[in-house]
Amino acid sequence: MIDIGLSKMALIGAVALIVIGPEKLPRVARTVGTLLGKAQRYVADVKAEVNRSMELDELKKMKDEVESAARDVEQSIQTGASDLQKDMEQSLGGYGGASEAADSSPDLSTVVPAYRHPGKNWRLKRAAVPQWYKARAGVRTKAQSGAARVARFRPRKFH
C-alpha cells in the first residue's frame, strides 16, 4: 500500500505530538487506526467482488461450452439413430410387414403410464406391530396430555 519507513513514522509521530498535543494523541491514533482498518476491509471487499465476478464470467463461458458440446452430442446421436433407422428400414424393406408395423406402433416418448395407487396403508402397518414390541420401544399407543405426561414422570416426594 504505502511504503513508510521507521524514520518517517517517527517524524510523523513527533509532528503529530507537537500539533495535536499529548492529551489528544491516543484518541487521534485510535481514530486513524480504525479508519485505516475500514479502508483495508473495503479494499479487500472490492478485490473479493472483482474476483467473484471474474469467476462468474468464467463459469458462464464454461456453461456455454458444455451446453454447445451437449447439443453437438445430441445432434450426432440423432443423426446416428436416423441413419440406423434408415438402414433397418432398407434391410427389412423386402419383408413388407415390418415397415407397416413400425408405422402403426405409438411413439414410445409420448406414452405415459397410467397412475396406479401403491395400495399401502400406514395404519395397517402400525397395527401389525405387536404390543410387547411397542411397549419395549416406547411407542405411544394412547393419547396423553402434556400435563399428564409431566405428572407421570415427576419425581416422587419422600415424607
Checklist line | Min side-chain heavy-atom separation T34-R30 under 4.5 Å | finding: no
Margin query: Apply side chain to side chain contact (heavy atoms under 4.5 Å, CB included) to residues Q85 and E89 and explain how you reach the verdict.
Written below: CA-CA 6 Å; Q85 186 176 9; E89 287 177 0; 3.8 Å; yes
Next item on the list: Measure the spacing between NZ of K38 and CG of D45 and express it to the nearest 0.5 Å.
Entry: 13.0 Å
Notebook entry, point to check: Which residues satisfy the side-chain contact (heavy atoms from CB on, under 4.5 Å) test with S53, sequence neighbours excluded?
Noted result: none
Item checked: In one Ile/Leu/Val/Met/Phe/Trp/Tyr side-chain cluster, 4.5 Å: W132, V129 -> yes
Next item on the list: Determine the minimum heavy-atom distance between Q144 and R149, stating which atoms define it.
Entry: O-NH2, 2.8 Å
Notebook entry, point to check: Hey, are the side chains of Q75 and R71 touching, using non-hydrogen atoms and a 4.5 Å cut-off?
Noted result: no
Item checked: Spatial distance of atom CG (L84) from atom OG1 (T79) [nearest 0.5 Å] -> 11.0 Å
Check: Apart from I77 itself, which Ile, Leu, Val, Met, Phe, Trp or Tyr residues share its cluster (side-chain heavy atoms under 4.5 Å, direct or through members)?
Finding: V73
Check: Who are the salt bridge (Lys or Arg N to Asp or Glu O under 4.0 Å) partners of E49, not counting sequence neighbours?
Finding: R52
Notebook entry, point to check: Among K61, E65, K60, E67, whose side-chain contact (heavy atoms from CB on, under 4.5 Å) with K63 holds?
Noted result: E67
Check: Under 4.5 Å between side-chain heavy atoms, hopping through other hydrophobics if needed: is there a path connecting L36 to I20?
Finding: yes
